[in-house]
Amino acid sequence: MKRNIVNVFATTGISILLLSVVALFYNAEYLYLKTVFQVLGVNMIVHLGLVLIHKIQIKYVVLETALDILLITGALLAFGVLFDWFTSTPIWVLVIMGIVMYMLSLLLDLLQMKKEAQEINELIRKRNKETQILQVP
């Protein structure tokens, strides 16, 4: 649960940075405070959906990835309609932002898994050394 909350806030932060970069290309001068909470809301919905999709344990990686992207795109489009984002941002920009966010999230997940694997390997090495010390007469 804690990891999901951290992921939601991390994704929200990255989303806001990405949104700010896109806004700079459109010569925007400010970002509304309500947009931050809207982005937080869409990220909460997306992460909840991703948790549900991954609980299903689909055996085809391509299908799971397609469902993930469909969920993200659907949530962005639904929130875009709900909060009238399309007056300032074209649909294709939101879709591309969603896909970029998904790829960044996958990268962060890979880095986290690598770190966890290194920690587990270190614990195994430490345990093996302790076992060898105890076995030597």
Side-chain angles (χ1 to χ4, degrees):
M1 180 69 166
K2 179 182 175 183
R3 183 175 178 180
N4 288 333
I5 293 170
V6 169
N7 286 344
V8 167
F9 284 116
T11 307
T12 300
I14 295 169
S15 297
I16 291 169
L17 288 174
L18 186 59
L19 185 61
S20 299
V21 169
V22 170
L24 284 174
F25 285 114
Y26 284 98
N27 295 322
E29 295 180 9
Y30 52 87
L31 186 66
Y32 288 113
L33 188 56
K34 66 181 181 181
T35 305
V36 173
F37 294 104
Q38 293 168 356
V39 170
L40 176 63
V42 76
N43 280 308
M44 290 169 64
I45 298 296
V46 165
H47 278 279
L48 179 63
L50 290 175
V51 166
L52 293 174
I53 288 173
H54 295 156
K55 280 191 185 267
I56 297 171
Q57 296 181 355
I58 301 169
K59 63 181 178 178
Y60 301 107
V61 176
V62 175
L63 179 60
E64 186 174 326
T65 302
L67 284 174
D68 289 349
I69 292 173
L70 185 65
L71 169 73
I72 292 167
T73 305
L76 285 172
L77 294 177
F79 271 68
V81 169
L82 182 66
F83 296 119
D84 202 28
W85 289 347
F86 302 126
T87 57
S88 60
T89 308
I91 292 174
W92 65 271
V93 172
L94 280 178
V95 171
I96 290 174
M97 284 176 56
I99 293 170
V100 168
M101 279 304 306
Y102 181 70
M103 289 190 287
L104 287 173
S105 296
L106 287 179
L107 178 65
L108 290 174
D109 281 347
L110 286 174
L111 293 174
Q112 180 66 29
M113 283 190 272
K114 181 180 177 183
K115 179 183 170 192
E116 290 173 357
Q118 288 172 344
E119 290 172 359
I120 291 169
N121 287 335
E122 186 59 35
L123 288 172
I124 291 170
R125 278 189 219 106
K126 184 177 177 182
R127 175 139 173 133
N128 286 341
K129 284 181 183 179
E130 289 173 1
T131 305
Q132 287 175 354
I133 290 172
L134 293 174
Q135 291 178 354
V136 175

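For the single chain, residues carry numbers from 1 onward in sequence order.
Rounding to the nearest 0.5 angstrom, the gap separating the CG atom in Leu50 from the NE2 atom in His47 is 6.5 Å. From Thr73, atom OG1 reaches atom CD1 of Ile91 across 11.5 Å, with rounding to the nearest 0.5 Å. The CD1 atom of Ile45 lies 10.0 Å from the CG atom of Leu40; values are rounded to the nearest 0.5 Å. From Ile120, atom CD1 reaches atom CD of Glu122 across 12.0 Å, with rounding to the nearest 0.5 Å. Note that the CG atom of Leu71 and the CG atom of Leu52 stand 9.0 Å from one another [nearest 0.5 Å]. One distance of note links CG of Leu63 with CD1 of Ile58; it measures 4.5 Å at 0.5 Å rounding.
Not counting sequence neighbours, Arg127 has no partner by the side chain to side chain donor-acceptor pair (under 3.5 Å) test. Residues passing the side chain to side chain donor-acceptor pair (under 3.5 Å) test with Thr12, sequence neighbours excluded: Asn43. Not counting sequence neighbours, Glu119 has no partner by the salt bridge (Lys or Arg N to Asp or Glu O under 4.0 Å) test. Under the side-chain contact (heavy atoms from CB on, under 4.5 Å) criterion, Lys55 pairs with Val51, not counting sequence neighbours. Looking at residues two or more places apart in sequence or on another chain, you find no side chain to side chain donor-acceptor pair (under 3.5 Å) involving Gln57.
In the displayed structure, Phe25 atom CZ is contacted under 6.0 Å by at most 12 heavy atoms of other residues, nucleotides or ligands. Counting non-hydrogen atoms of neighbouring residues, nucleotides and ligands closer than 6.0 angstrom, the CE atom of Met97 exceeds 12 such neighbours.
When hydrophobic clusters are built by joining Ile, Leu, Val, Met, Phe, Trp and Tyr residues whose side-chain heavy atoms come closer than 4.5 Å, directly or via intermediates, Leu106 is not grouped with Val6. Val22 and Trp92 fall within the same hydrophobic cluster, where Ile, Leu, Val, Met, Phe, Trp and Tyr residues are linked whenever their side-chain heavy atoms come under 4.5 Å apart, directly or through other members. Taken together through direct or relayed side-chain contacts under 4.5 Å among Ile, Leu, Val, Met, Phe, Trp and Tyr, Leu110 and Ile99 form parts of separate hydrophobic clusters. Under the 4.5 Å side-chain heavy-atom criterion for Ile, Leu, Val, Met, Phe, Trp and Tyr, Ile69 and Leu48 are members of distinct hydrophobic clusters. Val62 and Ile56 fall into different hydrophobic clusters, where Ile, Leu, Val, Met, Phe, Trp and Tyr are joined by side-chain heavy atoms under 4.5 Å apart, directly or via other members.
No side-chain heavy atom of Ile72 sits less than 4.5 Å from a side-chain heavy atom of Met101. Taking the side chain as every heavy atom from C-beta outward, Val39 and Thr35 approach each other to under 4.5 Å.
Side-chain contact check for Gln112 and Glu116: at least one donor-acceptor pair (N or O, by modelled atom type) lies under 3.5 Å.
Contact detail for Val46 and Ala75: the closest heavy-atom pair is CG2-CB, 3.7 Å.
Counting only residues at least two apart or on different chains, the ring pair (Phe, Tyr, Trp, His ring centres under 6.0 Å) pairs with a member in residues 63-88 are Phe79-Phe83.
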